[in-house]
Structures are given as structure tokens and as C-alpha cells.
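Lettering follows sequence order; numbering is per chain, from 1.
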Amino acid sequence: MDRHSPPALDVRGLRKSFDARAAVAGLDLQVRAGEFYMLLGPNGAGKTTTLRMVSGLLQPDQGAISIFGVDARLDQVGAKRIVGWVSDEPMIYDKLTPSEYLAFVAGLWGVEQTVAEARARELTDLLGLGKVAHARCESFSKGMRQKVALAGALVHEPRLIILDEPLTGLDAGSARLVKNVLTERVRAGATVIMTTHILEIAERMADRIGVIAGGRLIAQGTLGELRARIGSGDTPLEELFLAIVEKDSAAA
Amino acid sequence: MSMPGTTAWFAAHELRLTWRETFAMLTGGKPERLRKVAAGVLIFIAVMHVVAYFAVGRLADAGLDHDLRTLIAVMAGVLLSGTAVLSQAMESVTRTFYTRSDLELILSSPVQAHRLFAVRIAAIALGVSAMALLFLGPFINVLAWLGGVRWLGAYGVIVAVALTATALAVALTVAMFQTIGPKRTRLIAQIAAAVIGGLFVIGLQIAALFSTGTMSRLAFLQSDTMVALAPAMDSILWWPARGALGDVSAMLAVVASSVVLFVLTTALYAPRFAQFVLAASSVSRGHEVAGRARAFRVATTGGTLRRKERVLIMRDPWLISQSLMQLLYLLPPALMLWHSFGSAGGAEIVLVPVLIMSAGQLAGALGWLAICGEDAPDLVMTAPVAPGQLLRAKIEAVMQCIGVVFLPFVIAIAALSPNAAAIAACGIAASAGSATAIQFWFRSQAKRNQFRRRHTSSRIATLSEAFVSIAWAGTGALAVAGNPIGIVTGVIAVGIVLTVRSFAPATR
């Protein structure tokens, strides 16, 4: 990776309040291009709010968001062009088939017909949706819907993939499939930012981990760096995470 | 406090849920609005009484020594309310089958589920009775005030109609379930519920058109043909009408019969509801079926959005039934057009406003679906598409649908009168445009399956949508008639639109 290339995500002084309650309180966060970044935090820490602001789903009250050097607040369309978003609650159209859904997404992102068709076929096969590519999504299980949503987020080959707890409710096989697809994307040069409460996954997959609490980033680094800061060489992430959050809460 | 699992306990549970749901629906989840809502309901009831006074006040003297024409007119009113109530009851019964909500909890518990279903069938009867009484009560009160307390017997007839309609709705839906299966029942019952609601009125209009040459239902009901075809005055078929006119024994007989029918139906079907619910639930959660492969087509951004809206509209059974309803209401004017073609003049004065009004209503429904009813808001909002382009594409999709539905009528009118066709086209565009604009100004994100509750999100939007359609329809009729007052109604229509615009939420 070119050391002079802009970071995949550069967030400065981000703030967002709901009814005078600060959900994100001056967050600074940098994610390098090509890394698998896990964002952890207790419930209500501000993870989802942060990612929704980065994805253009929420308007920040204050702060700057830059995605690969594109100012996401000034050039929203330009930023959205290079981002793929998957939420924990897969929102797809019940009355469309996966194939139609992917054609729709490709149309929104302006992907050329032949390229989109090839990618859609590749993704449906990769995610085990080939047999149901022409069945309406209304009868799909949550896992299948999540896979359709993921395929939609990937069909335009975003440089930054943002996933908010994408493994919630997935069976072991589907979860592994999703993890493999994401790891492959990172190997191919994409950047992934993902939130999860399953710390074993973060431990195994993340290049770097960020911990959010009270709307601020309270710790960041590789697993080794976090261990060096708190704990020892073999401290599991679960214990590290709890210690970091507890320490921050005590300091507050 | 009743014992858990008993019918009384289920009834209390249902009552609590229904009250909270109704309260939330009326107040929009804001308890501080309760006073305003109560005032609104009282004003509505008062206005309905005024409307009733002018509509039926002169009929208050219709005596018990009624002639056949009076019986026919009253019976038509009973049947009219009956079809509306049946439509509402069918819709409620279908919802009971297909809405899982708490049913999984109850069916997996060790209680006797048939008690809950009996309570739910009773709740449906209560709900449709309440709705019918809300709208018809003022008419009865006015008649009782002007013509004597005997008219209060009509309340009994309405309750009887509601009980009978609920029993019929249960029996019809169950029959569909058993003959065509749970999957098709959902679609057919939704369409049937919508169609039944308007069938009686439309049937009367068509019959009137072919017998009297006009669409006046009253003229048809009072015609010699109708009197000749009607049963003899001593037939028991007139009991509901006699009951409504103050014949106490006829009213009691009708009420008693409906109670017996309702109790029998409930006793027969409530125990089997659990199996129907399970069958319905297997429709929603059944295995995905590989469909027919369609060409993978990627269009331009606008084209993609328009196609998505069109496909979703075409694949939505509820919406199809609603659209079908709109089209069904167009049937009488269409027949009138055909009837009048080349011979009678003046048909366009009736046709043009009906078309304009229907266009406004249909555009309002489609506009809500396209603008507010978005099932994947995150996807659309994260797409690299300017918000204006998104909205434009959605509005274009609505207008295309309106064009497809109404263009044939405009072309047909053009053969009668090019001037009327031009007025119809302008009126349809204005009415559809106004309704869509109102949906746009008052848009709030929702799921498509919340379509039936779209009217509760903004009362201003709902009322103004109806008023502006009426104003444009009036303008169209007056313009076709060459009446200059059309300018005034046109200004009123524009005034409504501009006023509504000023009420629209500021932050978008």
C-alpha cells in the first residue's frame, strides 16, 4: 500500500446527538486502506451511529468525514460511489429476486451491464444463492436475506465495505461464508470496517481493532498492541475489551 | 381478575391491546394529542349529523305503512352498508390468519387457543359494528329526532348486519382456505375484500345505466322495473328494512337470527383457526421456490428506479386489489361512455370528474408507495444518486402508471368531444400531480406493508388529498359544461395545494 495514499476513512471531531443526548461525542478515527478494521463497543456506544454517518445515512452535527480523500459531507454522491453498506437488519425487496435485486443495485451504482451480470453471477454462486437467484426474496430466511444484502453491497466493488453486525442471526455455515468473502475482498485490496459483538471473530479476522464507548474512541490498535497496553501476551480479546471499557468507565 | 386462559381473560387481553393500538393510531403515539383527537372526533360526528340532516331529513316521515318503493330504498341502504362491512370484516379475518405477531406465543402455550380465536372473531364483529355505527349513527339520530324514536331500531339492524357480515367473512375466508389453499387465499381474499366493498354501488350504477340511461342509483331503485322484480311486501326478505323503519318485531327477529348465525359460525370455526394460522404461516415461511430466470438487465439510474417501482407495484397483491378497486369504479363511466358513444351528448360531464377524482386517489396511493413505502431505505440512501434524482424517478414511475390507466379513457372521450378530452387530460394531470405533491411534502419513511395505515401518518395530507381531488373534479365538470364558476373551483384547488404546502414539515 502506498504510504502517501489517503486513509480509507478519516473521521475528525465527529458529533451527533439525539434529543440532546450525545451518541457520538467528538470521535476521531482513521482506518488505513486495505485493512480489516473491527469496531467494538458496548451497546449504545455509538458504533452504528458512527457508521451510519460515514455511509451517508445520518447527517453529523459536527465533524469531518473523508473516504479515500473524498469529503463525504461536501461530495456525498462521490463518497457513496466507493462505499458499500450492510446493516444487521437486511433490508431487501421481498418482491424482487436476488438477480433482480443485484441488477437494481448495479443500476443505482451505474455498473455496466456485462460487468454487473458477471459479478452478480459470481456473487450469487459464491454466497450459495445460485439456486434461488430467480426466486422472490419473500420466503428467504434471515441468513439468505443477509447474503443477498451482502451481494448487493459488493456488486459495485466498493473500495470501502462497512458492515454493522452482519453475522447476527447467521448459522455457522453462512457466517463462515460471509467471513471468507470479506477476507477475500480485503486480500483483493478493499477495506472492511465491521462491528461485531462476537469477539472471537474480531480476534481472528481483524488487522486492527477500535473500541468505542460513550461516543468516543477509547482504544485502538492491533491485538498485539492492545495486549501490550493492557494484559499480557495471551490475554483473550474478551478480557482486553472488558478491561478497556471498565477502565474508561471508571475514568469517566 | 379472570383466570388466565379463560375466554374472559383473552377478551381482557384483546381489549387492552386494541385500546392501546387505537389510542396510538389516533394520537400518533403522542398522548398529549388526545384532547385534540377527541375534539376532532366530536367535530366529525357533528358534521356527519349536519350532512345527515340534509341527506335524509326529508325521509324521516316514511311511515310503517310503507310502500314497496320505500322498502326497496331502505333495503338498498342496508345492503350497501352490508357490503362495506363485509369487505372490512374479510380484510380483518385475513389479517388474523396471516399476521403472526403474538399467535406463535399463544399457539405454543398450553392454553385452549380456540378461546382466543373466538374472542378475535368477536373483536372483528365489534370493530366493524363500531365503524358502521360511527358513520351511520348520525343518520339514524337525525331520523329519530325528526321522525320519532322508532328509527332507533336501525341501530339493531346495523349490529345485525355487522354480525352477519363477520360470520359470512369467516365462512368465506375459511372456504377459500379449504378450496384454493392458504397461498392463493391471501391474494384472492384481499382482492375480494376490496371489490366487495364497491360491488353493490357499482352494480346499481350499471343497472341504472342500462335501465334508465343515467347513473342515478335512486332513479333505478324507484323505477317500475325494480318494483316489478322485487319480492312481495310480506316477504321476510324485507325484515331488515322493516326493522330499520321501526318495526320492533322485525328488528328483533333480524338481530336474533344474526346472533344465532354468528354464534354458530364462531363455534364451528374458532377451533379450526389454529390449523389455518399454521397453514398460513407455512406460506410466509415456506421454502423458496426457484422462479423463472429473467434477463439480467441493468438500466440507467432513473430507469432502474422506475422499473423497480413498477415491478414492486405489479407484484403487490394488496396494491393490485386497491388499483383494481379504482378501476372498478371506472367501470360505470366506461360503460356510460360506450352507451353514449356517438349518440347522447353530455356524458362527458359525468365522466370527466369521475376520471379526475379517480386519478387523484390512485396517484395518492401510488405516490405513497413510491415516495414513502421504501423497504430498503438504507440501500437507496447509500446509493450515489442525488436525492432529487431519486424522487424524480419515483414520481415519474407514479405518473407512468397513471398514464397507462387513464390514457385509454381520455382517447375514448376525445372521440366524443376533443375539448372534454383535453380538459380530462389536464384535470387528471392536475389531480394526480397535486396528490403526488402532497405525498411528497408529507413524506415519512415507512415500510410498504404499512400501506393500509398511510392515512394515519398525516391527517392533513389525507384530507387535503381528498379535497383537492374533489376540487379538481368539480373544476373539470364545470369546465366541460362551459360554466365560468370552474375558474373559482380551480382557484380553490390551487389554494388547497398552496395551503397544504405551507403546513408541510419544514425540515426535509
Side-chain angles (χ1 to χ4, degrees), chain A residues 52 55-58 75-87 89-118 120-121 130-141 144 149 152-153 156 158 162 164, chain B residues 98 183 186-187 281-320 369 373-390 393 445 447-449 507-508:
Chain A
R52 289 182 75 82
S55 304
L57 292 166
L58 266 180
D75 181 8
Q76 289 192 4
V77 170
K80 286 175 177 181
R81 211 176 290 284
I82 48 179
V83 176
W85 159 260
V86 181
S87 78
E89 199 57 52
M91 292 187 195
I92 57 174
Y93 300 102
D94 282 352
K95 303 286 178 193
L96 294 187
T97 68
S99 173
E100 289 169 334
Y101 178 77
L102 295 179
F104 173 65
V105 178
L108 286 182
W109 263 263
V111 184
E112 202 258 317
Q113 161 85 32
T114 48
V115 175
E117 191 168 3
R121 200 175 302 123
K131 281 185 184 165
V132 292
H134 301 289
R136 290 190 198 172
C137 299
E138 57 199 347
S139 57
F140 286 9
S141 64
M144 289 174 72
H156 54 94
I162 301 175
D164 188 16
Chain B
Y98 293 95
K183 191 173 182 181
R186 182 159 56 176
L187 173 65
S281 132
S282 70
V283 169
S284 321
R285 290 191 167 177
H287 293 297
E288 55 286 341
V289 181
R292 189 163 52 90
R294 289 169 195 272
F296 189 96
R297 282 194 300 141
V298 179
T300 58
T301 308
T304 298
L305 284 160
R306 284 193 295 274
R307 190 169 66 199
K308 184 267 274 185
E309 294 301 334
R310 280 198 306 271
V311 168
L312 293 185
I313 286 167
M314 293 311 296
R315 291 181 184 175
D316 192 327
W318 168 250
L319 187 68
I320 289 171
L369 277 163
E374 176 58 65
D375 282 346
D378 282 9
L379 171 72
V380 175
M381 280 178 73
T382 55
V385 183
Q389 195 184 356
L390 269 174
Q445 198 62 62
K447 291 271 184 190
R448 293 175 83 87
N449 59 15
T507 48
R508 289 294 186 202

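- In this structure, the portions of A:Trp109 lying under 4.5 Å from any heavy atom of chain B include both its backbone and its side chain.
- One distance of note links CG of B:Leu379 with OH of A:Tyr101; it measures 4.0 Å at 0.5 Å rounding.
- In terms of heavy-atom proximity, A:Met91 sits nearest to B:Asp375 at CB-O, 3.4 Å.
- Contacts between B:Glu374 and chain A at a heavy-atom distance below 4.5 Å involve the side chain alone, from C-beta outward.
- With a threshold of 4.5 angstrom between heavy atoms, B:Pro377 approaches chain A through its backbone and through its side chain.
- Heavy-atom pairs under 4.5 Å with chain B were tallied for A:Gly107, A:Ala106, A:Gly56; the largest tally goes to A:Gly107.
- With a 4.5 angstrom heavy-atom cutoff, A:Ser87 touches chain B only via side-chain atoms.
- Heavy-atom minimum distance, A:Leu108 versus B:Val385: O-CG2, 3.6 Å.
- In this structure, OG1 in B:Thr382 is found 9.5 Å from CD1 in A:Ile162, a value given to the nearest 0.5 Å.
- Of the possible donor and acceptor atoms, one in the side chain of A:Lys80 sits under 3.5 Å from a partner among the backbone N and O of B:Met381.
- Distance check, rounded to the nearest 0.5 Å: CG of B:Leu305 to CZ of A:Phe104 gives 5.0 Å.
- For A:Ile92, the part sitting under 4.5 Å from any heavy atom of chain B is the backbone (N, CA, C, O) and nothing else.
- When each of B:Asp378, B:Thr301, B:Val380 is scored by its heavy-atom pairs under 4.5 Å with chain A, the top score falls to B:Asp378.
- With a threshold of 4.5 angstrom between heavy atoms, A:Val86 does not approach chain B through any atom at all.
- Using a 4.5 Å cut-off between heavy atoms, A:Gln76 makes no contact with chain B at all.
- Contact of the A:Tyr93 side chain with the B:Val311 side chain is not registered, since no non-hydrogen atoms from C-beta on lie closer than 4.5 Å.
- In terms of non-hydrogen atom pairs under 4.5 Å with chain B, the most contact-rich of A:His156, A:Arg121, A:Glu112, A:Arg52 is A:Arg52.
- With a threshold of 4.5 angstrom between heavy atoms, A:Leu102 approaches chain B through its backbone and through its side chain.
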